[in-house]
Amino acid sequence: MNDNSHLYIGTAFVAGVLLTVGLKDLVYPELGQRLRDYRSREGQRKNVLESSSNAPVARHGPPAIVEGIEGCIGNTPLLRIKSLSEATGCEILAKAEFLNGAGQSSKDRVALSMIEIAEEKQILTPHSGDTIYEGTSGSTGISLATLARAKGYLAHICMPSDQAVEKSDLLLKLGAIVDRVPPAPIVEKDNFVNRARDLAQAHTKSSAYGSLSTSNSTHDNNIHGRGFFADQFENEANWRAHYNGTGPELFAQCNGKLDAFVTGAGTGGTISGVALFLKPKIPNLKVIVADPQGSGLYNRVRYGVMFDVREKEGTRRRRQIDTIVEGIGINRVTANFEAGKELVDDAIRVTDAQALAMARWLVEKDGIFIGSSSAVNCFAALKTAMQLGPGHRIVTVLSDSGSRHLSRFWAKAGDVGGAVDTKLETVLNAEDN
């Protein structure tokens, strides 16, 4: 083959390559588009990685091996409530806190936070005889009793006697001492919270630890360790649990895109912790408290007073108006609610009848079986979606399962039945019989 032949072959090869590259969109349009799509995805992925290297991320894939039952707390799913989303044109999402692995409620986060911070401050020492005391409507006590056993403590729980009996039964099965006390306002000595505080102080004073700290004391007894009053209403470990856990998880699960966060408030830890984390990152976010009948937070948020300007907070003697809802609603501003109250934009009142109707609706339409506070949250989320209009994303909280509300809330709600077709208007217009 002569030199001219080599020249012709080389020229033809180069021309073919140039023609293929230059005319790829004409000759191979699908290939060209795929190349552009690939480069675009790679560029986006690189930008996301660079911009979110320090951002919280939601856990994906099978969970890792964790250390003990306390390792099963947090990273709960965020589920779309299909029936409410379809009915409103909004995306209504719910944080499934009943899937926390210790006490099966959002209070797992709080209980673990309070214990761990007390251990860091050397207020609690595992396997020393220390006892954790708490005044609670049930869920915090169940979480504390579970984690107390896991971490080497005892638990003594005081709760109002009008709460569902399955809660105290469960506490006893978990090895806790349980005091069911008559409901009383916080200003009275016999209030369940005040009783827990007094018992913790008496324990420490009467124990060997208390005796050693009293110079004139020479008596000995069989009480060991210290009494630790968890104080979920005033302990800042409460809102910090949601600032460090629930808030970052929601931000990651929603990719930073949500329009409203709706939840009830008892201690105020959830709404404050989540608001304190999310509001600086999403300034236009609406934070709304869902408040049951008998609670004063609705008026507090909307009008700046608990019930009436003639009544000074902290001095009221009248007992709280009866409601079937447990776990949320209160007639005072706690330290945990105070921490984030300036970030709360609005409040929605939910009646018992509306909560009961919503609970039945969610079973009928979605197979979601929840407790009373979660039903209040979902009704308020529905109202928020209707106020904002289609196209918005609303997030709420499913605090616990309906299984610990059978004897009270669900006894009132009744059986859902078989072939039923409830209309949303029926839920919205529910009234007490």
Side-chain angles (χ1 to χ4, degrees), residues 45 48-80 93-128 130 132 134 139-155 170-171 173-176 228 230 232 235 237-256 269-270 273-274 277-278 367-371 374 395 397-401 403-404:
R45 186 179 72 86
V48 169
L49 289 174
E50 290 175 351
S51 63
S52 62
S53 57
N54 296 320
V57 293
R59 185 176 63 200
H60 297 288
I65 296 173
V66 297
E67 192 69 22
I69 194 69
E70 58 268 39
C72 299
I73 297 172
N75 281 306
T76 53
L78 186 63
L79 63 92
R80 181 177 293 100
L93 307 176
K95 189 75 162 146
E97 287 293 275
F98 61 88
L99 293 178
N100 278 300
Q104 289 84 56
S105 81
S106 58
K107 295 301 184 179
D108 278 0
R109 299 177 188 266
V110 177
L112 184 60
S113 177
M114 292 191 296
I115 291 173
E116 288 181 341
I117 290 177
E119 289 175 339
E120 291 172 6
K121 295 179 177 179
Q122 298 184 333
I123 299 172
L124 283 174
T125 304
H127 308 291
S128 66
D130 287 352
I132 300 170
E134 183 60 306
S139 289
T140 304
I142 293 167
S143 295
L144 281 171
T146 304
L147 291 169
R149 285 293 172 175
K151 293 176 72 64
Y153 305 104
L154 299 174
L170 180 54
L171 284 165
K173 297 297 186 291
L174 290 169
F228 169 64
Q232 60 169 328
N235 190 337
N238 184 339
W239 70 259
R240 290 191 179 278
H242 298 288
Y243 179 85
N244 294 324
T246 315
E249 289 172 26
L250 287 174
F251 188 80
Q253 288 169 320
C254 292
N255 293 317
T270 302
V274 172
F277 182 86
L278 291 181
I368 298 174
F369 184 54
I370 53 173
S374 301
V395 172
V397 179
L398 303 182
S399 305
D400 61 4
S401 166
S403 60
R404 61 180 61 167

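Note that these values count all heavy atoms, side chains included, but never hydrogens, waters or copies made by symmetry. Everything numeric here is computed off the predicted structure, so don't read it as measured data.
Note that CG of Asn238 is 5.5 Å distant from NZ of Lys107, once rounded to the nearest 0.5 Å. Between Thr246 atom OG1 and Glu97 atom CD the span is 5.0 Å, to the nearest 0.5 Å. Separating the CG atom in Leu398 from the CG atom in Leu79 is a distance of 5.5 Å, to the nearest 0.5 Å. Distance check, rounded to the nearest 0.5 Å: CG of Leu144 to CD1 of Ile115 gives 5.5 Å. Rounding to the nearest 0.5 angstrom, the gap separating the CG atom in Asp400 from the CD1 atom in Ile370 is 9.0 Å. One finds the OG atom of Ser374 at 10.0 Å from the CD1 atom of Ile368 (value rounded to the nearest 0.5 Å).
For the pair Ala111 and Leu147, the tightest heavy-atom approach, listed with the atom from each and the gap, is CB-CD1, 3.8 Å. Across all their heavy atoms, Ala118 and Phe228 have their closest contact at CB-CZ, 3.7 Å. Residues Thr76 and Ala96 share a closest heavy-atom pair of CB-O, 3.4 Å. Contact record, Asp108 with Ser143: OD1-OG, 2.6 Å, taken as the closest heavy-atom pair. Closest of all the heavy-atom pairs between Gly247 and Leu278 is O-CD2, 3.7 Å.
A side-chain donor-acceptor contact under 3.5 Å links Ser113 to the backbone of Ala237. Listed for the Asn100 side chain is a donor-acceptor partner under 3.5 Å among the backbone atoms of Ser105. A donor-acceptor pair is defined here as one N or O able to donate and one able to accept, closer than 3.5 Å; no such pair exists between the side chain of Asp130 and the backbone of Tyr153. Side-chain atoms of Gln104 come within 3.5 Å of backbone N or O of Ala102 as a donor-acceptor pair. Between the side chain of Lys151 and the backbone N or O of Pro126, no donor-acceptor pair lies under 3.5 Å. Panel note: side chain Glu134, backbone Ala145; no donor-acceptor pair is recorded below 3.5 Å.
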- Message: Assess the residue pair Val395 and Val274 against the criterion (side-chain contact (heavy atoms from CB on, under 4.5 Å)); give the C-alpha distance rounded to whole Å, side-chain angles, the decisive distance to 0.1 Å, and a yes or no.
- Response: CA-CA 11 Å; Val395 172; Val274 172; over 6 Å; no
- Query: For Cys254 and Leu78, what are the C-alpha separation, side-chain angles and deciding distance, and is it a side-chain contact (heavy atoms from CB on, under 4.5 Å)?
  - Reply: CA-CA 9 Å; Cys254 292; Leu78 186 63; 3.6 Å; yes
- Message: With side-chain contact (heavy atoms from CB on, under 4.5 Å) as the criterion, how do Lys95 and Leu250 come out once you've worked through the C-alpha distance, each side chain's angles and the decisive distance to 0.1 Å?
- Response: CA-CA 8 Å; Lys95 189 75 162 146; Leu250 287 174; 3.7 Å; yes
- Give the intermediate values and the outcome of side-chain contact (heavy atoms from CB on, under 4.5 Å) for residues Leu93 and Arg80. CA-CA 4 Å; Leu93 307 176; Arg80 181 177 293 100; 3.8 Å; yes
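Here Arg109 pairs with Glu249 in a salt bridge; the nearest charged N to carboxylate O distance falls below 4.0 Å.
Remark: the Asn235 side chain and the Gln232 side chain contain no N/O donor-acceptor pair separated by less than 3.5 Å.
Contact of the Arg149 side chain with the Leu174 side chain is not registered, since no non-hydrogen atoms from C-beta on lie closer than 4.5 Å.
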